[in-house]
Amino acid sequence: MMPGKWSTAFTQQQKAWLRRVAPHLVSSLLNWWQRHGRRDLPWRLLPDGRQPGPDDLLPVYPVWVAEVMLQQTRLTVALPFWRRWRSRFPDLESLAAASRQEVLHCWQGLGYYVRARRLHEAAIRLAAAGRSLPTDRAGLEQLPGLGRTTAAAIAATVGNSPDPILDGNVQRVLARLLAFPAPPRQAGPLFWTMVELLLDHRGARDFNQALMDLGALVCRPRAPLCQGCPWQSHCHAYGKGIQRQLPVRQAPAPIPRVMVGVGIVLDHRGKVLIGQRQPDGLLGGLWEFPGGKQEPGETMAETVARELQEEVGLTVAAGPELLRFDHAYTHRRLTFAAYLCRVLAGEARPVASQQVAWVWPRDLRHYPFPAAHARMVQALGEHLGGA
DNA sequence: GATCCGTGGGG
DNA sequence: TCCCCAAGGAT
């Protein structure tokens with residue numbers, strides 16, 4: 001049995017245990033994966049749709065895009081975006097030649113927009129140097145947006161190189177296998193050492209996929225399916241009956257709740273005012289309707305009028321309310337209230353934004369919007385269409 | 001090392 | 001309705 005004292009490195013006893021069980025873990029994992037794993041992921045297939053053999057090389061561009069999309073995003077969510085992206089930007093050259101707006105527009109709805117900006121930046125940088133995408137982990141890790149896990153996932157998928165990964169799935173599997181008594185990030189290099197020791201020398205393509213599939217399909221966050229797990233007899237969390245309590249979570253920070261007033265400003269021609277957010281930071285480079293947080297003592301209509309004065313220098317009459325809805329970010333909960341507004345005085349100018357634009361409502365669909373504002377675009381279209 | 005960065009589905 | 005949280009990286 002494995003000793004239960006943990007530091008940031010394995011003890012000699014723990015390492016000996018790991019070396020002893022590693023062959024059984026690997027063989028039972030790959031055996032399970034052959035029967036139950038996901039072997040039809042499109043970026044893991046040869047261009048003609050066949051399963052690659054150990055020595056086959058896969059095209060790196062689609063794998064790169066897929067792995068970046070899958071950062072902090074579920075497979076079922078990312079897949080349709082990946083197909084659309086490949087149709088819109090089929091290769092590195094077409095991506096490098098695209099505008100920031102086109103790139104963000106294609107990414108709209110997927111979230112974490114800095115990922116799209118970094119894909120674009122990498123493509124431009126490579127194209128300017130006359131280089132193609134690297135296929136080794138070290139080379140990939142130099143690209144913006146790629147850390148060790150994503151670079152390793154790409155390299156192993158493309159060339160079956162011996163590069164293990166340590167994503168959220170793998171961390172959860174290891175935390176339970178070892179019954180690790182602290183949040184996984186406190187494990188330091190311990191988990192990396194473990195995946196390196198486990199790694200099959202024949203390559204990491206199927207090994208990485210199998211380990212992620214085990215986490216996603218069996219060793220699930222909420223309700224793990226231990227009766228179908230190939231590692232059940234080795235799992236210390238299962239042995240203690242504490243698999244549902246692991247991995248240990250950090251205490252979540254309290255989430256502030258904010259009311260946001262938004263102005264849908266129509267001019268005398270029927271054009272609507274939008275502004276483009278600053279290039280970096282939250283929702284960087286996306287477009288939105290002007291607005292902001294409600295302050296104490298304000299009605300929502302007063303909030304909208306004040307924000308429009310401050311943000312774009314317009315004096316407006318705010319009302320009626322077009323729609324109201326809740327929207328949650330990871331660290332904030334917002335209630336949006338959108339007001340139809342008409343201009344009383346002033347010329348719209350960018351104060352806190354990159355630029356402002358008056359746009360025909362039917363052209364709004366050509367601009368990238370955050371999900372909450374895309375919802376307001378939809379509501380405006382229905383409002384105008386029904387009138 | 002703690003924090004920031006989106007969105008949508010599931011329990 | 002509410003909370004959880006996902007194929008992480010950069011600062």
Side-chain angles (χ1 to χ4, degrees), chain A residues 8 37-38 41 43-44 63-82 104 107-119 121-122 140-157 163-173 182-188 191-192 195 204-205 208-217 219-224 244 247 249-257 277-286 288 325-335 368-375:
Chain A
T8 54
R38 291 183 290 207
L41 301 180
W43 56 89
R44 290 179 46 84
V63 177
W64 174 52
V65 175
E67 294 296 346
V68 171
M69 284 187 170
L70 287 166
Q71 292 171 354
Q72 297 290 281
T73 305
R74 286 191 202 341
L75 174 65
T76 52
V77 175
L79 199 46
F81 285 87
W82 180 79
L104 288 175
W107 199 272
Q108 177 180 328
L110 198 50
Y112 286 110
Y113 296 90
V114 68
R115 296 180 294 171
R117 300 200 300 267
R118 290 179 177 142
L119 278 177
E121 182 192 338
L140 286 161
E141 217 168 329
Q142 301 303 312
L143 296 179
L146 301 187
R148 176 170 178 185
T149 286
T150 308
I154 297 167
T157 300
D163 294 307
I165 62 165
L166 186 57
D167 73 327
N169 285 306
V170 179
Q171 289 183 36
R172 183 173 58 257
V173 170
R185 46 193 332 154
Q186 291 184 25
F191 284 9
W192 275 114
V195 286
R205 179 188 283 149
N208 287 346
Q209 190 63 49
L211 208 40
M212 284 191 290
D213 281 352
L214 185 66
L217 304 174
C219 199
R220 306 183 300 187
R222 297 291 187 81
R244 290 171 189 278
R249 316 227 178 265
Q250 312 238 45
I255 297 176
R257 296 160 189 279
R277 296 177 62 90
Q278 296 295 340
D280 299 311
L282 178 69
L283 307 168
L286 275 68
E288 63 185 5
F325 61 94
D326 293 326
H327 187 81
Y329 296 109
T330 303
H331 298 294
R332 253 175 294 180
R333 282 191 62 87
L334 306 180
T335 298
F369 285 93
H373 288 255
R375 195 165 164 176

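So that the names make sense, note that chain A is the first sequence line, chain B the second, and so on, each numbered from 1. These figures come from a predicted structure and were not determined experimentally.
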Inset, instruction - Pick base, sugar-phosphate or nothing for A:Arg332, based on heavy-atom distances below 4.0 Å to the nucleic acid. - result: sugar-phosphate
Legend entry - Sugar-phosphate, base or nothing in reach of A:Ala153, heavy atoms under 4.0 Å: nothing
Inset, instruction - Please measure how far the C1' atom in C:dA6 lies from the corresponding atom in B:dC5, and state the result in whole Å. - result: 14 Å
Inset, instruction - Just jot down the salt bridge (Lys or Arg N to Asp or Glu O under 4.0 Å) partners of A:Asp167, sequence neighbours excluded, or say none. - result: none
Legend entry - Side-chain heavy-atom pair A:Val68, A:Trp64 within 4.5 angstrom cut-off: yes
Inset, instruction - With C1' as the reference atom in both, quote the distance from C:dA10 to B:dG8 in angstrom, rounded to an integer. - result: 24 Å
Legend entry - Interface limits on DNA chain B, where chain A has a heavy atom under 4.0 Å of a nucleotide atom: B:dT3 to B:dG11
Legend entry - Set of residues satisfying side-chain contact (heavy atoms from CB on, under 4.5 Å) with respect to A:His327, sequence neighbours excluded: A:Phe325, A:Tyr329, A:Phe336, A:Ala371, A:Ala372
Legend entry - salt bridge (Lys or Arg N to Asp or Glu O under 4.0 Å) involving A:Arg118 - partner list, sequence neighbours excluded: none
Legend entry - Letter per nucleotide, 5' to 3', of nucleotides 4-11 of chain C [B base touched, S only sugar-phosphate touched, - untouched; heavy atoms, 4.0 Å]: BBBBBSS-
Legend entry - Heavy-atom closest pair, residues A:Pro183 and A:Arg249: CG-C, 4.4 Å
Inset, instruction - Assign A:Arg117 to base, sugar-phosphate, or nothing according to its heavy-atom contacts below 4.0 angstrom with the strands shown. - result: nothing
Inset, instruction - Show your reasoning for whether side-chain contact (heavy atoms from CB on, under 4.5 Å) applies to A:Leu140 and A:Leu143. - result: CA-CA 6 Å; A:Leu140 286 161; A:Leu143 296 179; 4.2 Å; yes
Legend entry - Separation of the C1' atoms in C:dG8 and B:dG1, to the nearest angstrom: 16 Å
Inset, instruction - Find which nucleotide of DNA chain B each of A:Gln250 and A:His331 is nearest to by heavy atoms, and output the residue with the more 5' nucleotide. - result: A:Gln250
Legend entry - Pairwise side-chain contact, A:Thr149 with A:Gln71, heavy-atom cut-off 4.5 Å (strictly under): no
Legend entry - Set of residues satisfying salt bridge (Lys or Arg N to Asp or Glu O under 4.0 Å) with respect to A:Arg257, sequence neighbours excluded: none
